[in-house]
A.B. asks: 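Please read through the structure below; I'll follow up with questions.
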Amino acid sequence: QKEVEQDPGPLSVPEGAIVSLNCTYSNSAFQYFMWYRQYSRKGPELLMYTYSSGNKEDGRFTAQVDKSSKYISLFIRDSQPSDSATYLCAMSLTSGGSYIPTFGRGTSLIVHP
Amino acid sequence: SAVISQKPSRDICQRGTSLTIQCQVDSQVTMMFWYRQQPGQSLTLIATANQGSEATYESGFVIDKFPISRPNLTFSTLTVSNMSPEDSSIYLCSARALEYQETQYFGPGTRLLVL
């Protein structure tokens with residue numbers, strides 16, 4: 001079993017839809033959770049960063065962490081064609097441990113007009 | 001945040017040759033890393049580039065194949081040596097932000113094709 005599981009998709013949705021992207025993980029020691037967005041032929045860019053459990057909102061994006069279920073989600077409201085990209089989840093250990101994040105494979109999202 | 005640039009952005013190389021990729025960060029960062037990204041796969045950490053000392057390599061990666069330098073806080077190079085078609089991949093430079101030690105920023109990547 002991989003440490004971080006992420007469905008590669010592609011996930012295709014119409015413009016304006018609510019998108020839900022998810023990752024599961026096996027290491028309960030992870031405390032820091034991140035979502036990166038990677039456009040075609042570009043490097044990943046940090047989209048959302050959360051510590052421990054709970055929700056974090058930034059504009060149309062909401063990151064949710066459920067540590068009891070070892071499950072994290074990224075919600076995109078009112079999705080736009082410009083949101084079409086690959087979304088990678090990443091997570092790392094608590095302070096004092098290694099900060100090297102473990103990445104998921106990424107989910108390819110296509111938002112069509 | 002840190003802005004990271006890489007050179008070259010892409011290259012096509014013959015097997016048996018070597019390619020050096022340069023990474024420049026626009027501000028001082030604590031740590032720099034080199035990743036490999038193959039289609040449909042997660043990012044794989046090759047090594048941590050340490051300033052003024054030998055890089056720390058992950059399992060499966062060795063210095064003879066991927067020599068790395070980091071002469072100062074904002075610059076690093078990765079060399080892919082004695083290339084084979086299996087080395088065809090995207091190579092990404094990454095740096096850890098000063099303000100959020102748990103997150104990393106990435107360069108645009110170098111797309112390498114080995115024939």
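Below, read A as the first sequence line, B as the second, and so on, with proteins coming before strands; counting in each chain starts at 1. These values consider heavy atoms only, across backbone and side chains, with no hydrogens, waters or symmetry-generated copies.
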A.B. asks: Give me each pair satisfying side-chain hydrogen bond (donor to acceptor under 3.5 Å, both in side chains) with a member in residues 40-50 of chain B, each pair once, sequence neighbours excluded.
C.D. replies: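 Pairs touching residues 40-50 of chain B that pass the test: B:Asn50-B:Thr56.
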
A.B. asks: Assess whether side chain to side chain contact (heavy atoms under 4.5 Å, CB included) is satisfied between B:Phe106 and A:Lys42, documenting all intermediate values.
C.D. replies: CA-CA 9 Å; B:Phe106 287 86; A:Lys42 301 288 186 184; over 6 Å; no

A.B. asks: Should B:Phe61 and B:Leu19 be regarded as members of a common hydrophobic cluster, given that ILVMFWY residues are connected when their side-chain heavy atoms come within less than 4.5 Å of each other, either directly or indirectly?
C.D. replies: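 Looking at the clustering, B:Leu19 is in the same group as B:Phe61.
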
A.B. asks: Linking I/L/V/M/F/W/Y whenever any side-chain heavy atoms sit under 4.5 Å apart, do B:Ile12 and B:Val114 land together?
C.D. replies: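 Looking at the clustering, B:Val114 is in a separate group from B:Ile12.
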
A.B. asks: Between the side chain of B:Tyr105 and the main-chain N/O of A:Pro44, is any donor-acceptor distance below 3.5 Å?
C.D. replies: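 Not a single qualifying donor-acceptor pair exists.
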
A.B. asks: Counting a contact as any heavy-atom pair under 4.5 Å apart, which residues of residues 7-15 of chain A contact chain B?
C.D. replies: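 From residues 7-15 of chain A, none sit under 4.5 Å of chain B.
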
A.B. asks: Does A:Arg41 CZ have over 12 foreign heavy atoms under 6.0 Å away?
C.D. replies: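 Open: at most 12 neighbouring heavy atoms sit under 6.0 Å from CZ of A:Arg41.
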
A.B. asks: Flag yes if B:Tyr91 and B:Leu43 sit in one hydrophobic cluster, no otherwise; membership is Ile, Leu, Val, Met, Phe, Trp, Tyr, and two members link when side-chain heavy atoms are under 4.5 Å apart.
C.D. replies: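 They do not share one cluster, since no chain of ILVMFWY contacts under 4.5 Å joins B:Tyr91 to B:Leu43.
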
A.B. asks: Less than 4.5 Å to any heavy atom of chain B: does that hold for the side chain of A:Gln38, its backbone, both, or neither?
C.D. replies: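 Contact with chain B is through the side chain of A:Gln38 alone.
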
A.B. asks: Which bit of B:Leu92 comes within less than 4.5 Å of chain A, counting heavy atoms only: side chain, backbone, both or neither?
C.D. replies: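 Only the side chain of B:Leu92 comes within 4.5 Å of chain A.
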
A.B. asks: Starting from A:Phe30, can I reach A:Leu74 by hopping between I/L/V/M/F/W/Y residues whose side chains sit under 4.5 Å apart?
C.D. replies: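 Yes; A:Phe30 is reachable from A:Leu74 via cluster members.
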
A.B. asks: Quick one: pull up CG in A:Leu46 and CD in B:Gln104 and give me the separation to the nearest 0.5 Å.
C.D. replies: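 The distance works out to 10.0 Å.
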
A.B. asks: Under 4.5 Å, heavy atom to heavy atom, which residues of residues 103-113 of chain A contact chain B?
C.D. replies: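 Only A:Phe103, A:Gly104, A:Arg105 of residues 103-113 of chain A have a heavy atom under 4.5 Å from chain B.
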
A.B. asks: Does any heavy atom of chain A fall under 4.5 Å from the side chain of B:Gln6, the backbone, both, or neither of them?
C.D. replies: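 For B:Gln6, no heavy atom lies under 4.5 Å from chain A.
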
A.B. asks: Can you list every pair that meets disulfide (SG to SG under 2.5 Å) and has a residue in residues 6-43 of chain A, with sequence neighbours left out?
C.D. replies: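 Counting only pairs at least two positions apart or across chains, the disulfide (SG to SG under 2.5 Å) contacts touching residues 6-43 of chain A are A:Cys23-A:Cys89.
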
A.B. asks: Please rank B:Gln37, B:Arg111, B:Arg10 by heavy-atom pairs under 4.5 Å with chain A and give me the top one.
C.D. replies: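 Of B:Gln37, B:Arg111, B:Arg10, B:Arg111 has the most heavy-atom pairs under 4.5 Å with chain A.
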
A.B. asks: What option among B:Cys93, B:Gly109, B:Pro108 has the most heavy-atom pairs under 4.5 Å with chain A?
C.D. replies: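 When all of B:Cys93, B:Gly109, B:Pro108 are compared, B:Pro108 has the most.
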
A.B. asks: Could you see if A:Trp35 belongs to whatever hydrophobic cluster contains A:Tyr25? Use Ile, Leu, Val, Met, Phe, Trp, Tyr and a side-chain cutoff under 4.5 Å.
C.D. replies: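 A:Trp35 clusters together with A:Tyr25.
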
